[in-house]
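Only one structure is covered here, and it is reproduced in the block below.
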Amino acid sequence: MALKVKDDMLSAGVTPNTVTWSSLISACANAGLVEKAIQLFEEMLLDGCEPNSQCCNILLHACVEASQYDRAFRLFESWKRNRVQDMPEDDKENRASNASSGITTARSRSSQLYGLNFAKELSFMPTVATYNILMKACGSDYYHAKALMDEMNTMGLSPNQITWSILIDICGSSGNIEGALKILRTMREAGIEPDVVAYTIVIKVCVENKYMKQAFSLFAEMKRYQIQPNLVTYNTLLRARSRYGSSLEVKQCLVVYQDMRRAGYRSNDFYLKQLIEEWCEGVIQCDNQNQEEFSSSMTDTERPQSLLLEKVAEHLQKNIAESLTIDLQGLTKVEARIVVLAVLQVVKEKYSRGHIISDDMLITLGIGKVDTIPDELELGVKDAITKLLQDELGLEVLSKGLEIASNTQMYLESTNHSTSNSEYLGSNELPTERRPVVMQRLMVTRKSLRQWLYKRSSLRR
DNA sequence: TTAGGGTTAG
């Protein structure tokens, strides 16, 4: 489209100026068309239009974005060489005597090498942005980037927030967490206030290296400096899932997640779900060493995903003294599995700290009228959870219905879903016209929970 | 009016 506008312009007899050419080059750069960008740059020179620094930077950036780092550096060098000829005569002579090769030779050679045929010399003056772009082209070479930063200082240019951020990123990406943290401090000392991007980069470095304590501490620090985390910051922190994370870690993530929602951001629940899932699945690792990996095909529909997270958060925040009750209403099979495993994970962690199981575990599946057929989803959840508890974990599961609408006696009903482990506890003998509301529940006996915990702890020894 | 830094999934 940009190129078409250019044609329209020319046919309308309008002469493109520096900004026009810059926009055209930028458009090509954004579309990843480096060759076309270079071609336009040459065309501009042939047209007698002088590029300014910004235009040159756009071209350099085009190369860097296309991973043509070497090309960016060679362009920069050739422009610097050309600048020598714009200098006063005496200065030029001094430089020429220092250089072994002639300037003209160097220029024509570079023109051939890089496919640039300059019709005119350019008065190129690097800016802070030029150095920032080139520092990005250093990849993970910290010393090269640092050298460029020193060079900009000698040129009388002051590194800005972007410069420092790039340096932190390069340092951190080579695994040097201490170094990255140190540069953040140096940046502040140099009078450049670290902004949200600088903090996000350092947090990213910590997260990548599983320095979660440090990551959360930086998150708190930026808040102290009144720097508001943005969506990128939150996502970077929430990406911090790690296998076998403790419930403390999961809890911290949930706190960040809640903070994020309070700040008005729509969270990407994907990571958090994965964190919780991985953390939960840790519960059955010991039990079934030969069992195939639980496939985590989250076939989520469009309904809000926060329900699952809220349920898990709710259970994580419960006190030790509270009874073991789980509400699975409204959850899918996979989500129900996650919530149940989350509770078991909490139970396991409490047990390892010396807590004793004094209650049965009660799982609510749904509420419906007696004799009405529970919906397919609910039956699926019941089936999946029963299988999980009985077959995968070897727990004793009883199927129970609790009448809650009419204030008559509580009764229990059996189901045809329970297997050998279940007890037959009676049948539904109520008159059908009364149709009280019944809560479908599963019960895991405390006895089997204790056995399970004991078995697990002895397995580890 | 044109340029430079941070995240990820499907």
Query raised in the report: With A/T233, which residues qualify under side chain to side chain donor-acceptor pair (under 3.5 Å), at least two apart?
Result: A/T200, A/N230
Which donor-acceptor pairs under 3.5 Å do the side chains of residues 21-31 of chain A make with protein atoms, sequence neighbours left out?
residue: A/S22; atom: OG; partner: A/T18; partner atom: O; Å: 2.8
residue: A/S23; atom: OG; partner: A/V19; partner atom: O; Å: 2.8
residue: A/N30; atom: ND2; partner: A/S26; partner atom: O; Å: 3.3

Report task. With a 4.0 Å heavy-atom cut-off, tell me which residues in residues 1-18 of chain A come close to DNA chain B, sorted by residue number. Result -> none
Query raised in the report: For A/Q54 and B/dG4, what is the distance between atoms CD and P respectively, to the nearest whole Å?
Result: 9 Å
Requested in this report: Grab the CG-P distance between A/L60 and B/dG5 for me, whole Å please.
Outcome: 13 Å
Query - For atom CG of A/L231 and atom P of B/dT8, their distance in whole Å - result: 13 Å
Query - Pair A/K387 + A/E392, salt bridge at N-O below 4.0 Å - result: no
Requested in this report: Using a cut-off of 6.0 Å, state whether more than 12 heavy atoms not belonging to A/Y211 lie near its atom OH.
Outcome: no
**Report entry** A/N230 CG - B/dG5 P separation (whole Å)
**Finding:** 15 Å
Requested in this report: Mind checking A/A29 for me? I need base, sugar-phosphate or nothing, with any heavy atom below 4.0 Å counting as a touch.
Outcome: nothing
Query raised in the report: Which of the following nucleotides, B/dT8, B/dT2, B/dG4, is nearest to the side chain of A/N52?
Result: B/dT2
Requested in this report: Would you kindly give the CH2-to-P distance between A/W21 and B/dT1, to the nearest whole Å?
Outcome: 21 Å
Requested in this report: Pull out every residue in residues 128-141 of chain A that has a heavy atom closer than 4.0 Å to any atom of DNA chain B, ordered by number, or say none.
Outcome: A/V128, A/A129, A/N132, A/I133, A/K136
Report task. Quick one: label A/V196 by what it contacts on the DNA or RNA (base, sugar-phosphate, nothing), any heavy atom closer than 4.0 Å. Result -> base
Query raised in the report: How close or far is atom P of B/dT8 from atom CD1 of A/I201, stated in whole angstroms?
Result: 12 Å
Query raised in the report: Checking all strands, does A/T20 fall into the base, sugar-phosphate, or nothing category for heavy-atom contacts under 4.0 angstrom?
Result: nothing
Report summary line: Tested for side-chain contact (heavy atoms from CB on, under 4.5 Å) against A/L324, the lone hit among A/L344, A/V347, A/L362 is A/V347
**Report entry** Check ion pair A/E43-A/K36 (N to O, under 4.0 angstrom)
**Finding:** no
Query raised in the report: Nearest to the side chain of A/N235, which nucleotide is it out of B/dT8, B/dG5, B/dA3?
Result: B/dT8
Query raised in the report: Do the side-chain N or O atoms of A/S26 get closer than 4.0 angstrom to the phosphate oxygens (OP1, OP2) of B/dA3?
Result: yes
Per-pair distances, 0.1 Å, donor-acceptor, side chain in residues 202-209 of chain A, under 3.5 Å, sequence neighbours excluded:
residue: A/K204; atom: NZ; partner: A/D169; partner atom: OD1; Å: 2.6
residue: A/N209; atom: ND2; partner: A/V205; partner atom: O; Å: 2.7

Query raised in the report: Taking CE from A/M149 and P from B/dG4, how many angstroms apart are they, rounded to a whole number?
Result: 20 Å
Query - N or O in side chain of A/H61 less than 4.0 angstrom from B/dA3 OP1/OP2 - result: no
Query raised in the report: Closest to the A/S23 side chain: B/dT7, B/dA3, B/dT2?
Result: B/dT2
Query raised in the report: Do A/N52 and A/Q54 have side-chain atoms, one donor and one acceptor, less than 3.5 Å apart?
Result: no
Requested in this report: Tell me whether the guanidinium CZ or amine NZ of A/R188 lies under 6.0 angstrom from the six-membered ring centre of A/Y225 and within 45° of its axis.
Outcome: yes
Query raised in the report: Out of B/dG4, B/dG6, B/dA3, which nucleotide sits closest to the side chain of A/K204?
Result: B/dG6
Requested in this report: Could you tell me the separation between the CD1 atom of A/I166 and the P atom of B/dG4, rounded to a whole number of Å?
Outcome: 11 Å
Query raised in the report: Can you name the side chain to side chain donor-acceptor pair (under 3.5 Å) partners of A/K223, sequence neighbours left out?
Result: A/D259
